[in-house]
Amino acid sequence: MKINMKNNDIVELSKKRKIKHVVFEDATVKKTIVEKFPGAIKTSDLAYIVKSKLSENGFIDAKTLLATSLCCDEVNREMEQDFTSLYKHNFSMGG
């Protein structure tokens, strides 16, 4: 499944998301990310976009199993928490 998103689509989905995870945003870090990685989005936005696209394609939340295999760095915990907040359970396979 290919997901084509435009910036305004991401902004709209971001407004609708129900993720409660709060992220500290340093202005310098945010500026650097925008400069070095144009089009980068927050992990919470990514999680909501994935959930929305899966739903549009017939996936049912209650029947969707979340499994992750992420590097154990703390930088990846945020993404795992964002996805888990949407799907309630996560089978972590390590990384």
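FYI, side chains are in, hydrogens and waters are out, and symmetry mates aren't considered; it's all heavy atoms of this structure.
For N57 (side chain) and K53 (main-chain N/O), a donor-acceptor pair under 3.5 Å exists by modelled atom type.
S92 and E80 get closest at one heavy-atom pair: OG-OE2, 3.6 Å. For the residue pair I60 and T64, the shortest heavy atom distance occurs at O-OG1, 2.7 Å. Taking every heavy atom of both residues into account, S44 and D82 meet most closely at N-OD2, 3.0 Å. The shortest non-hydrogen separation linking L66 to H89 is CB-O, 3.4 Å.
Residues D61 and Y87 meet the side-chain proximity criterion, which asks for heavy atoms closer than 4.5 Å. Side-chain contact between T43 and Q81 is absent, with no heavy atoms from C-beta onward closer than 4.5 Å. Looking at T68 and M93, their side chains never come closer than 4.5 Å, going by heavy atoms from C-beta outward.
Grouping Ile, Leu, Val, Met, Phe, Trp and Tyr residues whose side-chain heavy atoms lie under 4.5 Å apart, directly or via other members, places V29 in a hydrophobic cluster with I33.
Qualifying salt bridge (Lys or Arg N to Asp or Glu O under 4.0 Å) partners for K31, counting only residues two or more places apart in sequence or in other chains: E35.
K42 contributes atom NZ, which lies 12.0 Å from atom CD1 of I49 (distance to the nearest 0.5 angstrom).
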